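Each remark here refers to the structure printed beneath this line.
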Amino acid sequence: MNINSDIINKSVLFYILKFTIVFCILYFGTLAVIGLSAPVGYYSPFVAHYLNYIDWLRTSLLYTSKELLSLIGYKTFLADKYDLIMKNGTGIRMVYSCIGYGVMSFWAAFVLANKGSWIKKLKWLLAGWLAIWIINVLRISILVIAINKRWEMPLGFDHHTWFNIAAYILIFILIYFYDRSSKILHTKSNSPKHS
């Protein structure tokens, strides 16, 4: 029996456990907020008015997409809190599955399950969430244009699949740089001090 391999195995198992717990709390917690915010079933006015970050996220995505489309010459309007419509055309309806809380939960679970200071984790968490948010704004904007110009989706994939592909490629790039930054910091702290 090798003591080093036992330590590594326990450390990997502990990491997987932390990752899974954090992901489940964030992902299923978000589903709970969505359920408690809907004015049916177990509706909670408190959750709907003060904790419904999903509505805030959706509003920020739709409003920013509207402004981006305006910058490039497309006139759009928000018909309600779900629909972004092109003037004299059609638009998109942003339902809960379009918001990206699954990939955001995955990124948060990765960062929070890893070692590092809370400041470092907070910086990487916010940077990753911002990058995912930007990809989603670009997707929404391109989708509004594509629908109105009747463009086909490449390779027959729908826009959800393309968003997930882009978001997870981004996450794996961020994971690479997160791990690299940890190794660089570890190398610097272990290097001999010269007087």
Side-chain angles (χ1 to χ4, degrees), residues 23 25-112 121-154 157-171 173-174:
F23 178 81
I25 288 170
L26 294 173
Y27 184 81
F28 293 110
T30 298
L31 292 178
V33 168
I34 290 169
L36 293 170
S37 299
V40 293
Y42 296 104
Y43 177 70
S44 166
F46 178 80
V47 172
H49 293 293
Y50 299 108
L51 302 177
N52 191 358
Y53 57 89
I54 295 298
D55 266 357
W56 306 332
L57 185 55
R58 179 192 301 111
T59 300
S60 73
L61 289 165
L62 289 174
Y63 183 79
T64 306
S65 298
K66 176 187 177 303
E67 293 304 312
L68 177 61
L69 287 165
S70 176
L71 278 173
I72 58 175
Y74 293 98
K75 297 199 183 311
T76 59
F77 63 95
L78 294 172
D80 54 35
K81 69 179 192 174
Y82 297 98
D83 298 298
L84 177 62
I85 311 292
M86 189 173 289
K87 189 175 179 185
N88 300 321
T90 189
I92 58 108
R93 180 167 188 82
M94 186 163 214
V95 295
Y96 291 111
S97 61
C98 298
I99 294 173
Y101 60 85
V103 291
M104 291 176 130
S105 298
F106 182 93
W107 174 245
F110 168 79
V111 171
L112 296 175
K121 288 181 181 187
L122 182 61
K123 287 178 184 176
W124 279 93
L125 180 68
L126 294 177
W129 279 351
L130 178 62
I132 293 165
W133 181 85
I134 289 169
I135 288 173
N136 213 352
V137 166
L138 293 172
R139 169 183 66 138
I140 294 163
S141 303
I142 291 168
L143 186 59
V144 169
I145 295 168
I147 287 171
N148 282 281
K149 292 190 178 269
R150 292 179 171 73
W151 293 343
E152 294 286 322
M153 287 289 145
F157 295 156
D158 66 10
H159 63 93
H160 285 286
T161 303
W162 281 112
F163 170 71
N164 285 333
I165 290 168
Y168 281 107
I169 287 171
L170 171 73
I171 285 174
I173 291 168
L174 288 171

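Everything quoted here is computed from the prediction, not taken from an experiment.
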In a table with atom names and distances, give each donor-acceptor pair under 3.5 Å that connects a side chain of residues 30-37 to protein atoms at least two apart or in another chain.
from	atom 1	to	atom 2	distance (Å)
Thr30	OG1	Leu26	O	2.7
Thr30	OG1	Tyr53	OH	2.5
Ser37	OG	Val33	O	2.6

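Residue pairs meeting the ring pair (Phe, Tyr, Trp, His ring centres under 6.0 Å) criterion with at least one member in residues 60-88: none, sequence neighbours excluded. Among residue pairs with one or both ends in residues 66-76, none qualify as salt bridge (Lys or Arg N to Asp or Glu O under 4.0 Å); sequence neighbours excluded. Within the structure, salt bridge (Lys or Arg N to Asp or Glu O under 4.0 Å) contacts touching residues 50-62 (residues at least two apart or in different chains) are Asp55-Arg58, Asp55-Lys81. Judged as a salt bridge (Lys or Arg N to Asp or Glu O under 4.0 Å), not a single pair has a partner in residues 127-148 (not counting sequence neighbours). Each salt bridge (Lys or Arg N to Asp or Glu O under 4.0 Å) pair with one or both residues in residues 27-52, not counting sequence neighbours, would appear here, but there are none.
Residues passing the side chain to side chain contact (heavy atoms under 4.5 Å, CB included) test with Ala131, sequence neighbours excluded: Leu170. For Ile147, the side chain to side chain contact (heavy atoms under 4.5 Å, CB included) test picks out Thr90, Ile92, Leu143, with sequence neighbours left out. Legend: residues meeting side chain to side chain contact (heavy atoms under 4.5 Å, CB included) with Thr161, ordered by chain and number and at least two apart, are Phe157, Asp158, Ile165. For Trp162, the side-chain hydrogen bond (donor to acceptor under 3.5 Å, both in side chains) test picks out no residue, with sequence neighbours left out. Remark: Ser44 pairs with no residue by the side-chain hydrogen bond (donor to acceptor under 3.5 Å, both in side chains) rule, at least two apart or across chains. Partners of Lys87 according to the salt bridge (Lys or Arg N to Asp or Glu O under 4.0 Å) rule, which considers only residues two or more places apart in sequence or in another chain, do not exist here.
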